[in-house]
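Below you'll find the structure, written out as structure tokens, and then a few comments.
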Amino acid sequence: MEAGELLRANRRAKLEALRERGVDPYPARFVVDGRVSEIVARFEGADAASLESGAQRVRVGGRVTAVRGHGKAAFIDLSDGDGRLQAHLRRDVLGEETFSLLDNLDLGDFWGVDGVLFRTRTHELTVKAERLVVLAKALAPWPEKWHGLTDHEQRARQRYLDLATNPQSRRVFLARAAAVREIRTFLEARGFVEVETPMMQPIAGGATARPFVTHHNTLDLDLYLRIAPELYLKRLVVGGIERVFEINRSFRNEGISTHHNPEFTMLEFYWAYADYRNLMDLTEEMLCQVASKVAGTEVLPWGEEHVNLARPWRRLGMREAVLAYSDLQPENLGERAALEAAARRFGIADVPRLSSGKLLAELFEATAESRLLDPTFVTDFPADISPLAKRKPEDPELTERFELYLGGMELANAFSELNDPDDQRRRFEEQARATGGVVDEDYVLALEHGMPPTAGEGIGIDRLVMLLTGSRSIRDVILFPLLRPRDD
RNA sequence: GGGUCGUUAGCUCAGCCGGCAGAGCAGCGGGCUUUUAACCCGAAGGUCGUGGGUUCGAUCCCCACACGACCCA
């Protein structure tokens, strides 16, 4: 028998030993007086003398994370993930029979005790167990107690082990929950209504990305997992929900990297009677509030450096950003031929096929994106890569759009929404010619019924959580990131 | 897409110039009634990611593949 199997066999033998003694290793219930951390908090201030006189009884259960045997006595640590409480097991208190249950205890099991609280000579709050009960036997061996799991892959594949043994991982996912909660609080305080819109869509619109395809059998209909909720949320604005948001998953059938997971969580919100400038102000306010509440600071550690959210955030045209972060000159960004030459210099693929706006955007990504550490609103996006954004009145080749960059990554994308149905149809048609999509007539029809002037924004929640927790990979902030299946 | 690095016991990690595979934790046996990374004694535990190649001999060198981490575009 190999080592791993032997460890399992040992545990299974203990399980059988319990059953032979008439002990159910998976009892249906064990009523507790509270979670371990609640009990620890409740008696935090109680000193040894008051516990001595009070005879305070508690019933508590938890995962056994350490056992320290002393012959006719032992200490076991019970953990609830947030905290631990030790129990003192004494043979003379429990009796020979109950005390011998310890022989069948393994790290990772859930056990419960019932007893009286006291403080040891090192003043640690401890339960003197008068009952000892197995609550759930663990049959698989647990990782080592000092380091937990370190291998990134295994941490993601067996997230439960990561969460249970690495406090930092637990902090990341609790911070994630807190961030989402803060965003909801912030938006609801401003009258935004949370909705859910289709994840399966007959036309995958609202962004440019390859979609996942699925099929509805009864309707015999191909459907796409949404790449963005945008076009449905704007239909709701047409319907009179003038402040609306959704926090949920979108799906893009593209590469996986430290900044990309095929399914990811996005906040999208739409705000009638606002424009993209209002969105910049709101975004500053929202993200600063979330950072203060969740991370406790607006200066966030980011690798060797920091991302400083101090307001006001920089606002920079896309063109200006390229000029600022490369040796390119204004004339290199002018005529088509010059632009193509510049793009080739930076190793951009398929140069002749790309529109001039796309070339500029590619140059931006190649030169400036990774260097934008502190928050920067990049504005003045070309109209030909912004088919859903309103044109700038003073320059119809540009749009009222920005993307927010920080920590060298894109965090948000926002614009004054295009609400002219005729212009929208033309832009869809241009896009269809260029990239082979279809015109979403149903959406244009909605616009034909009239959408008020509206601003809308999408914020990548996973990347926001990366920033708030100092995580350099999106896989560290997604509980179960997509991984290649392992065949073993 | 290109490059660099990693994969050794259940877990965390060593392993020098190619010559019998090492430790801590966990597990197993024994001891110990206030310990807390408990401690003390003892005996175990390995397809060195997978497949090829070079060599008298490969965890180690070469090639390919798988999975992962990081960097670049």
Side-chain angles (χ1 to χ4, degrees), chain A residues 1-14 17 48 51-52 64-79 83-96 99 102-109 115 117-129 138-158 161-162 164-166 254-259 303-304 326 343-351 362-371 408 471-476 481-488:
Chain A
M1 195 177 326
E2 74 176 58
E5 284 177 52
L6 186 65
L7 294 176
R8 286 168 171 276
N10 286 338
R11 284 170 178 256
R12 200 165 275 284
K14 294 179 185 179
L51 288 172
E52 191 77 26
V64 178
T65 54
V67 180
R68 296 177 290 281
H70 293 266
K72 298 180 186 63
F75 289 92
I76 63 174
D77 286 352
L78 298 177
S79 165
R84 56 170 274 281
L85 175 64
Q86 72 173 2
H88 193 207
L89 314 177
R90 298 172 53 137
R91 198 169 71 172
D92 58 2
V93 173
L94 288 165
E96 188 112 6
F99 187 74
L102 266 182
D103 297 341
N104 297 315
L105 179 147
D106 281 300
L107 297 183
D109 291 355
L117 286 171
F118 73 105
R119 286 192 184 272
T120 62
R121 66 166 72 130
T122 55
H123 308 297
E124 178 161 343
L125 185 70
T126 305
V127 186
K128 183 169 79 179
L139 294 176
W142 272 68
E144 190 232 20
K145 61 185 169 188
W146 301 345
H147 307 89
L149 283 183
T150 58
D151 180 70
H152 264 77
E153 180 189 355
Q154 201 179 347
R155 285 176 49 201
R157 286 189 197 277
Q158 291 183 280
L161 291 180
D162 181 40
T165 61
N166 296 325
E254 299 188 347
I256 296 176
S257 78
T258 50
H259 294 89
E304 304 293 299
S326 71
R344 285 204 179 81
R345 253 188 61 201
F346 284 91
I348 292 162
D350 285 337
V351 167
E362 292 276 345
L363 278 171
F364 167 79
E365 284 181 32
T367 59
E369 173 170 4
S370 66
R371 297 163 70 181
S471 305
R472 300 310 298 271
S473 170
I474 200 168
R475 287 185 173 190
D476 294 335
L482 185 67
L483 299 170
R484 207 178 287 268
R486 210 163 39 172
D487 48 333
D488 57 7

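Counting only distance, with no hydrogens or angles, the side chain of Thr126(A) and the backbone of Glu124(A) share a donor-acceptor pair below 3.5 Å. Of the possible donor and acceptor atoms, none in the side chain of Asp106(A) sits under 3.5 Å from a partner among the backbone N and O of Asp109(A). Judged by distance alone, the side chain of Asp77(A) and the main-chain N or O of Leu85(A) form no donor-acceptor pair under 3.5 Å. A distance-only check finds a donor-acceptor pair linking the side chain of Glu144(A) to the backbone of His147(A) [under 3.5 Å].
Comparing G18(B) with C61(B), their P atoms sit 7 Å apart, to the nearest whole Å. Using atom P as the reference point in both G29(B) and G45(B), the two lie 16 Å apart (nearest Å). The P atoms of U4(B) and C20(B) are separated by 31 Å, rounded to the nearest whole Å. Of the P atoms belonging to U59(B) and C71(B), the separation is 33 Å, rounded to the nearest Å. Look at the P atom in both U54(B) and A58(B): the space between them is 11 Å, to the nearest Å. For the C1' atom pair drawn from U47(B) and A37(B), the interatomic distance equals 33 Å after rounding to whole Å. To the nearest whole angstrom, the two P atoms, one in A14(B) and one in U7(B), are 8 Å apart.
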Check: protein-nucleotides 6-8 of chain B nitrogen or oxygen pairs below 3.5 Å:
none

Under-3.5 Å N/O pairs linking protein and nucleotides 23-26 of chain B:
from	atom 1	to	atom 2	distance (Å)
G24(B)	N2	Glu144(A)	OE2	3.2
A26(B)	OP1	Lys145(A)	NZ	3.3

Could you go over nucleotides 70-73 of chain B and give all protein N or O partners under 3.5 Å, atom names and distances?
from	atom 1	to	atom 2	distance (Å)
A73(B)	O3'	Phe346(A)	O	2.9

If you restrict it to nitrogen or oxygen atoms, what contacts under 3.5 Å exist between nucleotides 29-32 of chain B and the protein, and what is each distance?
from	atom 1	to	atom 2	distance (Å)
C32(B)	N3	Gly71(A)	N	3.1
C32(B)	N4	Gly71(A)	N	3.3

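When distances are taken from the side chain of Asp151(A) to each of U12(B), G27(B), U34(B), the shortest belongs to U12(B). Checked against U36(B), G27(B), U33(B), the side chain of Ala73(A) finds its nearest nucleotide in U33(B). Listed nucleotides: C13(B), U35(B), A69(B). Nearest to the side chain of Arg475(A): A69(B).
When the side-chain hydrogen bond (donor to acceptor under 3.5 Å, both in side chains) test is applied to Arg155(A), the partners found at least two apart in sequence or on another chain are Asp162(A). Every residue two or more places apart in sequence or in another chain that forms a side chain to side chain contact (heavy atoms under 4.5 Å, CB included) with Ser473(A) is listed here: Thr258(A), Arg475(A), Asp476(A).
Atom CZ in Phe99(A) sits 9.0 Å away from atom NZ in Lys72(A) (nearest 0.5 Å).
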